[in-house]
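The shown structure was predicted, so the numbers you read here are calculated from the model rather than taken from an experiment.
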Amino acid sequence: MEALVVRKLGDPTLPPGGEDSPFAAVSGDRPIPELSSPTSVRVRVAATSLNFATFLQVQGKYQERPLLPYVPGSDYAGVVDAVGPGVRRFRPGDRVCSLASVGSFAEFVVADEKAL
């Protein structure tokens, strides 16, 4: 799976992969996340945004500081890829949107169905 990974805190306007960039070069070597509970939903991310909170977080200036390395991004929209056996509200192919603490700068994100 492709994802943008923050490897160190720094200037989020620098292109990924450079020596001074906080971002590692984008690569497809990250595993696709597994469903973590019976009510988990895996979403193929179609859209996300770089909002001010994420911008500050990459610089280390936000009140929440994820452990490095991490995949940034909070708000996202996409299409349901897989559902756990306890999911009742969604099926693969459904369009959804949500917020996450981190992780939406990736091809896939997993969330509980109540969060979608």
Under 4.5 Å between side-chain heavy atoms, counting indirect links through other Ile/Leu/Val/Met/Phe/Trp/Tyr residues: same cluster for [X] and [Y] or not?
{"X": "Leu14", "Y": "Leu68", "value": "no"}
{"X": "Val6", "Y": "Val26", "value": "yes"}
{"X": "Val102", "Y": "Leu4", "value": "yes"}

- Under the 4.5 Å side-chain heavy-atom rule for ILVMFWY, direct or indirect, which residues accompany Val79? none
Which heavy atom of [X] sits nearest to which heavy atom of [Y], and what is that distance?
{"X": "Pro12", "Y": "Gly10", "answer": "CD-O, 3.1 Å"}
{"X": "Ala24", "Y": "Pro16", "answer": "O-CB, 3.6 Å"}
{"X": "Val41", "Y": "Leu35", "answer": "C-CD2, 3.9 Å"}
{"X": "Gly73", "Y": "Ser104", "answer": "C-OG, 2.9 Å"}
{"X": "Ser40", "Y": "Val87", "answer": "O-CG2, 3.4 Å"}
{"X": "Lys8", "Y": "Pro22", "answer": "O-CB, 2.9 Å"}

With [X] via side-chain contact (heavy atoms from CB on, under 4.5 Å) - residues at least two apart:
{"X": "Pro69", "value": "Val5"}
{"X": "Ser49", "value": "Asn51, Asp75"}
{"X": "Glu34", "value": "none"}

- Task: Look up atom CG in Asp81 and atom CZ in Arg44, then write down how far apart they are to the nearest 0.5 Å.
- Result: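 Answer for the CG-CZ pair, Asp81 versus Arg44, is 6.0 Å.
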- When rounded to the nearest 0.5 angstrom, what is the spacing between CD in Gln59 and CG in Asp11? 6.5 Å
- Does the side chain of Phe55 come within less than 4.5 Å of Thr13's, by heavy atoms? yes
- Under 4.5 Å between any side-chain heavy atoms of Tyr70 and Val58, yes or no? yes
Per-pair distances, 0.1 Å, donor-acceptor, side chain in residues 105-114, under 3.5 Å, sequence neighbours excluded:
residue : atom : partner : partner atom : Å
Glu107  : OE1  : Glu2    : N            : 2.6
Asp112  : OD1  : Thr39   : OG1          : 2.4
Asp112  : OD2  : Lys114  : N            : 3.1
Glu113  : OE1  : Arg88   : N            : 3.2
Glu113  : OE1  : Arg89   : N            : 3.1

- Please walk me through it: do Val71 and Arg30 pass side-chain contact (heavy atoms from CB on, under 4.5 Å)? CA-CA 10 Å; Val71 176; Arg30 296 194 57 94; 3.9 Å; yes
Kindly list each side-chain donor-acceptor pair under 3.5 angstrom involving residues 91-101, sequence neighbours excluded, with atom names and distances?
residue : atom : partner : partner atom : Å
Asp94   : OD2  : Arg91   : N            : 2.8
Ser98   : OG   : Ala115  : O            : 2.6

